[in-house]
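Notes follow once the structure below has been shown.
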Amino acid sequence: MAAKKKPAAKKSPVKKAAAPKAKTAVAKAKKAPARKVKGPSDKVLKEMHLKMVRIRRFEESAGKMMEDGKIPGALHLYVGQEAVAAGVMQHLSNQDWITSTHRGHGHLVAKGGEFKPMFAELFGRATGYCKGKGGSMHISSMDLGMLGANGIVGGGPPIAMGAAFSNKFRKNKNVSVAFFGDGASNEGSVHEAANMAALYKLPCIFVCENNGYGEYTSQARHQAIVDVADRAAGYGMPGVICDGMDVMAVYEAAGEAIERARNGGGPTLLECKTYRYYDHVGVRGMGLNYRTDEEIEAWKKKDAIEGFEKRLMQLGVMTQKQIEAVHTTVAKDVEEAIEYANESPYPGPETLLENVYNEKGA
Amino acid sequence: MAAKKKPAAKKSPVKKAAAPKAKTAVAKAKKAPARKVKGPSDKVLKEMHLKMVRIRRFEESAGKMMEDGKIPGALHLYVGQEAVAAGVMQHLSNQDWITSTHRGHGHLVAKGGEFKPMFAELFGRATGYCKGKGGSMHISSMDLGMLGANGIVGGGPPIAMGAAFSNKFRKNKNVSVAFFGDGASNEGSVHEAANMAALYKLPCIFVCENNGYGEYTSQARHQAIVDVADRAAGYGMPGVICDGMDVMAVYEAAGEAIERARNGGGPTLLECKTYRYYDHVGVRGMGLNYRTDEEIEAWKKKDAIEGFEKRLMQLGVMTQKQIEAVHTTVAKDVEEAIEYANESPYPGPETLLENVYNEKGA
Amino acid sequence: MSEAAKPQARELPYVMAINEGIREVLREQQDAFIAGEDVAVAGSVYGYCTGLLDEFGPDRVVDTPISEKGIMGLGVGASATGCRPIIDLMFMDFIGECMDEVANQMAKMRFMFGGKATLPVTVLTMGGAGGSLAAQHSQSLEAWLAHLPGMKVCMPSDAYDAKGMIISACRDDNPVFVVLNKASLAMTMEVPEGPYEVPLGEACVRRQGTNLTIVAFGRMVHEAMAAADKLKDLGIDAEVIDARSVQPFDTATVVNSIKKTHRALVIHEAVKFGGIGGEITAQIQEEAFDYLDAPVMRVAAPFSPVPFSPALEQVYIPNAESIIAKVKETLEL
Amino acid sequence: MSEAAKPQARELPYVMAINEGIREVLREQQDAFIAGEDVAVAGSVYGYCTGLLDEFGPDRVVDTPISEKGIMGLGVGASATGCRPIIDLMFMDFIGECMDEVANQMAKMRFMFGGKATLPVTVLTMGGAGGSLAAQHSQSLEAWLAHLPGMKVCMPSDAYDAKGMIISACRDDNPVFVVLNKASLAMTMEVPEGPYEVPLGEACVRRQGTNLTIVAFGRMVHEAMAAADKLKDLGIDAEVIDARSVQPFDTATVVNSIKKTHRALVIHEAVKFGGIGGEITAQIQEEAFDYLDAPVMRVAAPFSPVPFSPALEQVYIPNAESIIAKVKETLEL
Ligand SMILES: Cc1ncc(C[n+]2csc(CCOP(=O)(O)OP(=O)(O)O)c2C)c(N)n1
Ligand SMILES: Cc1ncc(C[n+]2csc(CCOP(=O)(O)OP(=O)(O)O)c2C)c(N)n1
Ligand SMILES: [Mg+2]
Ligand SMILES: [Mg+2]
């Protein structure tokens, strides 16, 4: 089911797809069967599926590696939210920029990130995307147009806005996408970036992944609104809501916003209602006091990958076997990458003072 | 003419009075004649008139004193916006808190500020409200519930929100009011304060004095919206617009918002469309390149004091003579205060390191 | 209660000493509350607010949105109007999000108002590296705060001081930052029950010595103590001073020590350049120049952001070994 | 172009030298633009952007909303993606509004990304007291910035350096803060036409002397020079060094001078405690301890916010007299 959205004129009320609300997920989980009307090509569908499976496998394995003591520091897993990254990134090339969050692996995988330098980075090795200096919270790839995960909640949007300014300045057709959470929407940085993007009509898409929580604080306890997209009108940009568990809904909503941005139509605030399966940080999921196990189970029933795979089969795009083959290949990729990371050297102490400044040869 | 306003439910579109927009001031300047339906008492009307005259006289004289070299530093005059301070402050007691802006004299005068310590402060004398340490941009009176002018644009709202938290915490019926400009509305601090006030249902009123400019940048060049009140829905609070040149409109709109706040109904964003007559800083008004002299003249036709005085006479509340007497008295007060300030001593160098910390006797 | 009259003590980790400090304050001060991200339902991400919500309820233990400017503004506004807020800033690194509220409002309001406002607000925050939390979750930025007239800044090195300094900070009528250290959370020691104060602005001689004075604060005190132990084996008898507060800084205690030892080493976790060690060094040589047999040396982090990889972080953070190496240099061994 | 090969020079005030610096950069770098509050239509509140909008148009001279976090984020994002932004932060005091973007993003991005991002962004900002602009519009906060690995910080003291350092900063491939001084805006001197560089990280000996070394930067250089002139009458021959950059800091030039003069005085406008003077002092005594005949002394602002009243501000800001007084103390006269 595709999202309803609206390239709204200023102040037009936000329009919503029949997206499940975090708190009423069970009630609204019933969905119409998938149709394929002037929708994405089979190729696109397969690519999005692959992206989602790659994210899921990467994250599940990263979680294990953390438990095995292979990954130090804080690990924020993206599991549950795969449809958002996959659906948005499907529209982007390496020339388009994104800024990510502390929960950034999924975005990088969807943007084309390779497992080897990703695991190597998480393991703190010299072969990582950031030579081991950044880790999970700063993983990035300039070559892929990925301006970094960010340890600062709300850190990304002003940077994405700046990248969009850059694109407009150079008069190219590239866009930038700022991913941020429901919790982050309360940071002043997001407000300032959104206002500036709307003022300058920048090719910048603000994708709010509303997973219902900022750490251990539910949305109802961090803001007095239900839809973050309601804030769009206050900036003079369209606000769109879509089902963030449905990659096709995300694909369609993001496609429209990105298309508009590429054609000089300015920014959009796209809110994707989604959910994270594991704890805020680390792998523990169930049995915690800030959300119920029932809520988790209810969301898992709408799992982005499972649901999509059923649909792909219904639509005749992929067979069960082909789907299994994807999982097998991805699992092998993950295994190889972990081995690679494991065998990679740690950065030598002499590298510590490198890359602080950009001087000749530094 | 009283403002139309709406203690809006969440997401209800903002309702507007027939307030003049900055850019269409001339076209919309025609107003219905004043009526007095269950309106404010004569006493209230007279008090508001007195407040406005006091502000105007204070500011005009401060401008002169600055030109005479008596007032050092930056002076941001409130002339033109008197109706906002008078209409809002009419509802407040010394137990209610306000935070002000860089353009803060008007707020302090309306809150009960006395001319002598005000001029003394502006002159940098030891007898000033802040012992000469604060000056125009930090003038304040804790006794009057005035938490200071603020040199930081957007500095006030988080503090007002904190004061409102304090009131709610102590379970009293006092409110706090944050004054801020259209330019300030783009600061992240305002966003964060508004969200928190709505979340906690704090007795906090956000009064946006939209005078169409942040320094030399018109509203159209600093945000892609026309009404700052449009942002209220994004916080889950009512947004109200009123004619900031009409003290009765402000009085009514502010009264409703303040009443709601006192009774546990939470915050309101009240936008007052207004105008400043002089330059952003200092006294120069006309002949500058960022706005036209015609625009200024058009707004002056709707002058808050002149218009109100006509109305007071129409309504039989005051005679021409009584009005003139007010002006005369206020002018005398100003003169005396200037003399007082002029004769007041400068703070001695030994006071420099006092009041940095609150230690026994400091 | 004076520091001398210590009530019943038990072994307590630093994290629970923080908890007790906050708890004592909330018990004794009815105008006090604690507000911050995930302090209530989650009991803080470090766990030091565990049980507070149950004991004091949601009016006094307040979860906030992720809005550091708002949170710090809450502390300013509420403290100026009669409350005694404890504001929790989860990581010291996030201070960039609210530096205006800290520096331009909280620290200056009293002065700007000619002494007519009083802001009894305490900010708890967590600094320090060591857990591979990388460049934005590991910083030691006390130098920024100590440079701010109107602000007090203390950095308790152990559980006893953490509890006592939180209580002192909250009883103080000024804005006080209590900078905690995340790598110390599990360190245990005897901590008295009930309220007690550790005075702000007073250093503490942790170890008497005659050959040189090591000045440290926060977690570095333990590295300094470990270094001193090892130095003993080399025949070097180091005096270790825990500065405890960096603003105000107890220059007298440090200078008196150096008048005895004639040599000094200043240690901190922050990067050396522009760190508070420069200030301490400058003060030492201003006041004890004629007593110094060697330059005051500093051991601090090198001039780079905090690296993620444990391989790099390990060489980044000053430790007993790097202290010993510098001592040898100072003593020209 | 080397500093030696100076083209045609005319008398120019500091404010117009800034203007020329920006202008040269916008002329030579097509990827450069300037963005900030009121830089375009108003030509900046200081007037140093006068005429830029006319010459370069609204795409390259950009008025922004009052959104310092947004503006600084614009600088980060645009510089990382191929532009060379000049970001105007109207008053240095406002850095609290965007310290996260400055400290956690701009300064660290390159390092966190393992060297794969390059951020050629220059921030112009205005520091300093003297105009009764009070506590939130008068600060000197360079110590905060200099403590940030990844950031360069320069503080041109005169018109020649202002123009040259802006050009150097904009040609540099790192984030650079150019901290200007509002009390110097009207100071005139000969400034060459056309582009030239004043190298970052290099101090300049403004006056040769033998009795002591005065290290200053920004506007304090002029107070130091005035003091040196008067000291001459007292028979004291002071060498005056304009540090020009505080990050990186040219320790060598300072230390070499002190090896000759054996005495040093460090001056800055910021409050003394935690100011960069502590760092400079620490470095001097680390590297030239055996050459020092007296402690390195500092002249800086007292520990209070900047007061409004001219009567107080006057005693607050270091000047030639307070420098002379301290010199006499240092020389035990
Ligand atoms: C400025 C800042 N404040 C607080 C934090 C601590 N923190 C990390 S993630 C997080 C929650 C973010 O919530 P949200 O934006 O909804 O993203 P989600 O974790 O749900 O993906 C918080 C509070 C931080 N990293 N940065
Ligand atoms: C944080 C900050 N940014 C910029 C400024 C400079 N400044 C002072 S007043 C002003 C304009 C404010 O506009 P607005 O909020 O509309 O208030 P108005 O002046 O119109 O009353 C600006 C940009 C400041 N003082 N503080
Ligand atoms: Mg979330
Ligand atoms: Mg305005």
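The chains referred to below are lettered A, B, ... by the order of the sequence lines, with proteins before strands, and numbering in each begins at 1.
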Would you say CD of D/Gln314 has more than 12 non-hydrogen atoms from neighbouring residues, nucleotides or ligands within 6.0 angstrom? no
- Message: Looking at D/Lys328, I'd like to know if its NZ atom is crowded, meaning that more than 12 non-hydrogen atoms belonging to other residues, nucleotides or ligands lie closer than 6.0 Å.
- Response: no
Bottom line for C/Leu148: the part with an atom under 4.5 Å from chain D's heavy atoms is both
Turns out that what part of C/Val246 lies under 4.5 Å from chain D's heavy atoms comes down to backbone
Rounded to the nearest 0.5 angstrom, the CD1-OG1 distance for D/Ile284 and C/Thr281 is 12.0 Å
Taken to the nearest 0.5 Å, the spacing of D/His147 NE2 from C/Gln139 CD works out to 8.5 Å
dist C/Lys272:NZ -> D/Gln283:CD (nearest 0.5 Å) comes out at 8.0 Å
(request) Return yes when atom CZ of D/Phe289 has more than 12 non-hydrogen atoms of other residues, nucleotides or ligands closer than 6.0 Å, and no otherwise. (result) yes
Of C/Glu101, C/Lys108, C/Gln285, the largest count of non-hydrogen pairs under 4.5 angstrom with chain D goes to C/Gln285
Heaviest contributor of heavy-atom pairs below 4.5 Å to chain C, chosen from D/Asp100, D/Ile280, D/Leu145, is D/Asp100
Residues D/Phe303 and C/Ala146: closest non-hydrogen pair is CZ-O, 3.5 Å
Inset, instruction - Using a 4.5 Å cut-off on heavy atoms from C-beta on, say whether the side chain of D/Glu97 contacts that of C/Asn104. - result: no
Closest non-hydrogen atoms of D/Ala103 and C/Trp144, given as atom of the first, atom of the second and distance, are CB-CH2, 3.7 Å
Tightest non-hydrogen contact, residues C/Gly278 and D/Ala282, listed as CA-CB, 3.9 Å
Discussion item. Between C/Ile95 and D/Met99, is there a side-chain heavy-atom distance shorter than 4.5 Å?
Written reply: no
Scored by heavy-atom pairs under 4.5 Å with chain C, the best of D/Ala288, D/Gly274, D/Pro302 is D/Gly274
Should C/Phe273 and D/Pro149 count as side-chain neighbours, where that means a heavy-atom distance under 4.5 Å? no
Applying a strict 4.5 Å limit to non-hydrogen atoms, the region of C/Val306 in contact with chain D is backbone
Chain D shares the most heavy-atom pairs under 4.5 Å, among C/Lys69, C/Gln105, C/Glu287, C/Gln247, with C/Gln247
Interatomic distance, CZ@D/Arg298 vs CD@C/Glu279, rounded to 0.5 Å, equals 4.0 Å
Max heavy-atom pairs within cutoff under 4.5 Å with chain D, candidates C/Ala143, C/Gly150, C/Ala294, goes to C/Ala294
